[in-house]
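Let me begin by presenting the structure, written as structure tokens, before commenting on it.
Here the structure is a predicted model, which means the values were calculated and not measured. In what follows, every heavy atom counts, from backbone to side chain, and hydrogens, waters and symmetry copies are set aside. Heads up: numbering here begins at 1 and tracks the sequence.
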Amino acid sequence: MHLTNNAVQKFSEGYGSIADGNQLSFKNLKMEMEKLSLNYDECIEKIHDHIKLSLKATIKNLNPLNRKFCFQIYGYDFMVDRSGYPWLIEVNTNPCIE
């Protein structure tokens, strides 16, 4: 059984206080960061940097059979702290995209 972050978080006292499942759209993240006078564009740039670094670290394992036509969807989970810095929590293969 795969235990998702939401399966654990839903028992937290503040769960869902900002958004359903404590998951924000980029639009809502920007609004929340603007309320706190945090730099949204800088946060997104750092998220991109984390993603690039994770892909560079695993590049040799992404297509081990050297298939010509293939792709994989990855789900990145980030947490943004009070200073606006995004922390990479985990990367999922085969993420839920509903």
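Both Leu55 and Ile44 are assigned to one and the same hydrophobic cluster, defined by single-linkage of ILVMFWY side chains at heavy-atom distances under 4.5 Å. One hydrophobic cluster, built from ILVMFWY side chains closer than 4.5 Å, cannot hold both Leu53 and Leu62; they sit in different ones. Linking ILVMFWY residues whenever their side-chain heavy atoms come closer than 4.5 Å, directly or via other members, leaves Tyr85 and Leu88 in distinct clusters.
Within the model, atoms NE2 of His48 and NE2 of His50 stand 11.5 Å from one another, a figure rounded to the nearest 0.5 Å. Here NZ of Lys46 is found 4.5 Å from CD of Glu42. Values are rounded to the nearest 0.5 Å. Rounding to the nearest 0.5 angstrom, the gap separating the CG atom in Leu29 from the CE atom in Met31 is 10.5 Å. Rounding to the nearest 0.5 Å gives a distance of 4.0 Å between SG of Cys70 and CG of Asn63.
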Worked verdict on Tyr40 versus Val80 for side-chain contact (heavy atoms from CB on, under 4.5 Å)
CA-CA 10 Å; Tyr40 171 80; Val80 180; over 6 Å; no

With side-chain contact (heavy atoms from CB on, under 4.5 Å) as the test, would you mind laying out the steps for Thr93 and Gln72 before giving the verdict?
CA-CA 7 Å; Thr93 58; Gln72 174 69 46; 3.9 Å; yes

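Of the N and O atoms on the side chains of Tyr76 and Ser54, at least one donor lies less than 3.5 Å from an acceptor on the other residue.
Residues meeting the side chain to side chain donor-acceptor pair (under 3.5 Å) test with Thr58, sequence neighbours left out: none. Taking the side chain to side chain donor-acceptor pair (under 3.5 Å) definition, one finds that Asp81 meets it with Ser83, Trp87, sequence neighbours left out.
Scanning all heavy atoms of the two residues, the minimum distance from Pro86 to Cys43 falls at CG-O, 3.6 Å.
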